[in-house]
Amino acid sequence: MKKVGILTGGGDCPGLNPVIRAVVRYAIQENYQVVGIKNGWKGLIENDTVELNLQSVSGILPKGGTILGTSRTNPYKKENDIEKAKENFKKIGLDALIAVGGEDTLGVANKLYKDGFNVVGAPKTIDNDLNCTDVTFGFDTAINIVTEAIDRLHTTAESHHRIMVVEVMGRHAGWIALESGLAGGADVILIPEVPVDIDEVCSIIKKRHKRGKSYRIIVVAEGAQFKKGTMVTQEEKLDAFGHVRLGGMGQRVGDEIEKRTGYETRVTVLGHIQRGGTPTAFDRVLGTRFGIKTMELVLKKDYGKMASLQGNKIIAVPLEAAVSELKTVDMELYNIAKIFFG
Ligand code: F6P
């Protein structure tokens, strides 16, 4: 019997389980044995696996997170680790491996493919910053969670005549801030792609106040930066992929606004709530389609590819192209959002 492996790496997100379920269901139908690699690349280094059968994926479609566990382990960080991962790939007897992740996990998948291993990928991340796909699964769930939070902040902001600053995730791309800010009717949206001019933000707030509106919602992406300033980080320590932990920009923006305008301001940091819980119907369907596509690529021996959504079609794109650069926000969409600032 042929063997296909599957792993989920990087930050978890809603929609991972639908991908796993789709791969298992399709693979079993095609007489493949499915090996779940636990905790991302860490599981391949440590040969930590679990057999996946119909029973293991029963009922997981609406479940958030990943039944396989995840980690931010980069096997290429230490020579020993990548050698162990390659040895285990052979020892387990994998005919192919499906890596489900964002730019870091898929970057490793691409390197492994270039080193001669049969690997394909599926694009996951709430940040929506992966190239060559219109959207990644997890993003829709995240923006719906943030939009609901903004709606809730509106009513309390209005009652107290306050400015509400809400900090959202997204790393170096402003997709979550932009789309949830648009959907939630934010007065200002601050994203990493546009340096923050705090004077302009305060003047928008004051203008709105003159119009008789005494409350405002400001959405701040965690990766936004002040003009000529530096990024706000929680700690300087880098993870295995060289990323700093972002966070704190919302508070900085809130403090500046209160200081400069005198209006009472409160800050909400949504944090990991954006990544938790059940996936939306859209993410369940997208995850399912990506899972089926990756298994289809395995059956066709079309390795080194990533499943991608383009328009309404799921196609295959080279992993190399998908991880070569970050997909930052569509400025046309930002310009639409700007019409509603203030
Ligand atoms: O990449 C997904 C993401 O949620 C980012 O938006 C965020 O910056 C980061 O992961 C947080 O990472 P961790 O879960 O390690 O705190």
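Every number for a ligand or one of its atoms is a count from 1 in the order of the listing. Index from 1, following the sequence.
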Tell me which protein heavy atom sits closest to atom 1 (O) of ligand 1, plus the residue, atom name and distance to 0.1 Å.
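The closest one turns out to be D127 OD2, 2.7 Å.
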Within 45° of the six-membered ring axis of [Y] and under 6.0 Å from that ring's centre, is NZ or CZ of [X] located there?
{"X": "K327", "Y": "W175", "answer": "yes"}
{"X": "R208", "Y": "Y215", "answer": "yes"}
{"X": "K111", "Y": "Y76", "answer": "yes"}

Can you find an N or O of [X] that's nearer than 3.5 Å to an N or O of ligand 1?
{"X": "R245", "answer": "no"}
{"X": "M169", "answer": "no"}
{"X": "H272", "answer": "yes"}

Angle class for the F290/F137 ring planes (parallel below 30°, perpendicular above 60°, tilted otherwise)?
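Correct class here is tilted.
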Below 4.0 Å from any atom of ligand 1, is there a heavy atom belonging to [X]?
{"X": "H243", "value": "no"}
{"X": "G102", "value": "no"}
{"X": "L246", "value": "no"}

With atom 4 (O) of ligand 1 as the reference point, say which of K124, R72, R275 has the nearest heavy atom.
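Checking each option, the heavy atom nearest atom 4 (O) of ligand 1 is found in R275.
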Proximal ligand 1 atoms for [X], defined as those under 4.0 Å from one of its heavy atoms:
{"X": "I126", "answer": "4 (O)"}
{"X": "G170", "answer": "6 (O)"}
{"X": "E222", "answer": "5 (C), 6 (O), 7 (C), 8 (O)"}

Whether the [X] and [Y] side chains hold a donor-acceptor pair (N or O, under 3.5 Å, no angle test) is what I'd like checked.
{"X": "R162", "Y": "T156", "value": "no"}
{"X": "N144", "Y": "T280", "value": "no"}
{"X": "H243", "Y": "D104", "value": "yes"}

Flag yes if more than 12 heavy atoms outside K86 fall under 6.0 Å of its NZ atom; otherwise flag no.
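Atom NZ in K86 is packed in, count exceeds 12.
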Are there over 12 heavy-atom neighbours, none belonging to L333, within less than 6.0 Å of that residue's CG?
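It does: L333 CG has more than 12 such atoms within range.
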Answer side chain, backbone, both or neither: which part of Q274 comes under 4.0 Å from ligand 1, heavy atoms only.
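No part of Q274 is near ligand 1 at this cut-off.
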Record the part of I176 in heavy-atom contact with ligand 1 below 4.0 Å; permitted values are side chain, backbone, both and neither.
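None of I176 does.
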